Amino acid sequence: MKIDEAIKNIYGKYKNDLSGEVSQSFPALSNVNPDHFSISIATVDGDIYHIGDLEQEFTIQSISKPFSFGLALEQHGHDFVENKVGMEPTGEDYDSIIKLDDQNRPFNPMVNSGAIVTAGLIDARNFETKKEELLSYYSDFAGGALAIDQKIYKSEYTNSHKNWAIAHLLRHFRVMTADFKTDLEVYFNQCSVLVNSDKLALMGATLANKGINPVTKKQCLSHDNLRHVLSIMFTCGMYNYSGEWAFDVGLPAKSGISGGILMIVPGLAGIAIYSPRLDKRGNSVRGIKVCEELSNLFRFHIFDYETPKRIKDIK
Ligand code: GLU
């Protein structure tokens, strides 16, 4: 079955699945329309296959984490970054307070503590330039200028007491510097970057395409750092579902509480789903189902030796 026909069928199959709850983490996020649903597949050849509410924007939330991790690696190198943040799954909630490893590091850059530390690593003169640096880095992956949703940003800034607590504890343990409040603001900003499923899929296609944006041809991530980013997405990207996900779906991915999922099929495509109703672990209910179906149907699992060579050649 061709890919456009497949996503049409899968979209139709799950369109009326209204199970799950929209995130209640902070007010602006809990007010989104729960019914929106879109699927986008951006290939390494620069093609796009998509269906659903394609114009609908949403904030990237935790799907920002692998991109900020990539930028920190580009700026400082693997050893420096790994000295600050570990690479082990936690088995705990993404916003748990607070588990550090035996070297006093957050467990990994995909949980909030690790992501807040990573945001603090971004090399720039001050808050404004850090924010700009991140935004322009993300925009390179998307192949066009991205913006920040100020309403979501302010709502999280004002209401996210748990993230403030995490940042204070990180400071208490001397994991963060005296600038920790600014670093947390950078983190809130990165979570508030607006995308739609097409833009997110293209960000993923850049990861799938050896770090090179398939449309603009800009190299956004070196080969070595790409390997690090995809590895951590594979082991820690789907909250406390990451182990089962690796087993069943078998692809690097990252989920966010706004209801987005980004899944990478290395060498082939970035796949983005937006559907805000979440399961108990914080993953989009319809998003998980779509990813499972696509992976099974096309044998995308990275340990499957019958994965197709190119999306456009799928019959
Ligand atoms: N901004 C959210 C937080 O820090 C992101 C969480 C997520 O998407 O997992 O709590």
Side-chain angles (χ1 to χ4, degrees), residues 20-32 57-69 85 89-99 106-120 131 134-135 138 146 148-170 176 180-195 197 200 203-204 232-233 235-242 245 253-263 272-285 287-288:
E21 298 293 331
V22 170
S23 170
Q24 300 297 316
S25 288
F26 52 91
L29 201 59
S30 61
N31 287 335
V32 301
E57 293 197 304
F58 54 96
T59 50
I60 192 167
Q61 297 301 329
S62 271
I63 307 171
S64 62
K65 290 171 179 170
F67 296 97
S68 290
F69 177 52
V85 192
T90 60
E92 305 224 347
D93 287 346
Y94 66 92
D95 60 350
S96 91
I97 301 180
I98 188 180
K99 193 170 167 189
F107 266 65
N108 69 69
M110 301 295 109
V111 291
N112 285 11
S113 53
I116 293 167
V117 168
T118 306
K131 222 170 71 177
L134 264 179
L135 201 54
Y138 290 14
L146 298 176
I148 288 169
D149 184 327
Q150 291 301 332
K151 205 166 144 219
I152 292 276
Y153 166 71
K154 285 189 187 125
S155 183
E156 183 163 24
Y157 181 95
T158 314
N159 294 285
S160 188
H161 305 299
K162 223 169 168 188
N163 281 327
W164 283 103
I166 291 172
H168 276 281
L169 280 169
L170 290 168
M176 294 186 80
F180 73 101
K181 288 186 184 164
T182 308
D183 294 341
L184 183 61
E185 283 177 55
V186 172
Y187 170 74
F188 288 148
N189 270 284
Q190 77 171 53
C191 291
S192 307
V193 169
L194 277 167
V195 289
S197 59
L200 190 58
M203 292 175 81
I232 204 74
M233 291 174 82
T235 54
C236 304
M238 299 299 290
Y239 304 124
N240 283 334
Y241 190 60
S242 299
W245 172 274
K254 186 72 197 85
S255 188
I257 55 167
S258 51
I261 294 181
L262 177 60
M263 170 165 98
I273 294 97
Y274 176 56
S275 173
R277 289 194 181 88
L278 310 178
D279 62 20
K280 289 207 165 50
R281 284 139 161 164
N283 292 313
S284 166
V285 174
I288 292 274

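This structure is a prediction, so every number in the text was calculated from the model and none was measured. Quick note: residue numbers are just sequence positions, from 1. All ligand and atom numbering here is 1-based and tracks the order in the structure. Values below: every heavy atom of this structure, side chains too, minus hydrogens, waters and symmetry copies.
Closest protein heavy atom to atom 4 (O) of ligand 1: Tyr187 OH, 2.7 Å. Annotation: atom 6 (C) of ligand 1 to nearest protein heavy atom, Ser62 OG, 3.3 Å. Looking only at protein heavy atoms, the nearest one to atom 5 (C) of ligand 1 is Gln61 OE1, 3.3 Å. For atom 8 (O) of ligand 1, the nearest protein heavy atom (residue, atom name, distance) is Ile257 N, 2.8 Å. The nearest protein atom to atom 3 (C) of ligand 1, hydrogens excluded, is given as Glu156 OE2, 3.2 Å; this is a heavy-atom distance.
Applying the 4.0 Å criterion to heavy atoms of Cys191 picks out, from ligand 1, the atoms 1 (N). When each atom of ligand 1 is checked for a heavy atom of Tyr239 under 4.0 Å away, the hits are 7 (C), 8 (O), 9 (O). The ligand atoms of ligand 1 that sit less than 4.0 angstrom from a heavy atom of Gly256 are 8 (O).
With rounding to the nearest 0.5 angstrom, the OH atom of Tyr241 is 8.0 Å from the CG atom of Asp279. Separation of atoms CD (Glu57) and CG (Leu194) is listed at 5.0 Å; rounding is to 0.5 Å.
Residue contacts with ligand 1 for Asn163 involve side-chain atoms from C-beta outward but no N, CA, C or O (heavy atoms, distance under 4.0 Å).
With 3.5 Å as the limit, one finds no donor-acceptor pair spanning the side chains of Gln61 and Ser258. Of the N and O atoms on the side chains of Ser255 and Asn283, at least one donor lies less than 3.5 Å from an acceptor on the other residue. For the residue pair Lys162/Asn112, the side-chain donor-acceptor check at 3.5 Å is not satisfied.
Around NZ of Lys99, the count of heavy atoms belonging to other residues, nucleotides or ligands within 6.0 Å exceeds 12. Dense packing is recorded around CD of Gln150, with more than 12 heavy atoms of other residues, nucleotides or ligands lying under 6.0 Å away.
Remark: distances from the non-hydrogen atoms of Phe188 to ligand 1 are all 4.0 Å or more. Taking 4.0 Å as the cut-off, Asn112 counts as a neighbour of ligand 1 on heavy-atom distance.
For an aromatic pair to be called close, the ring centres must be under 6.0 Å apart, and Trp164 with Tyr157 satisfies this.
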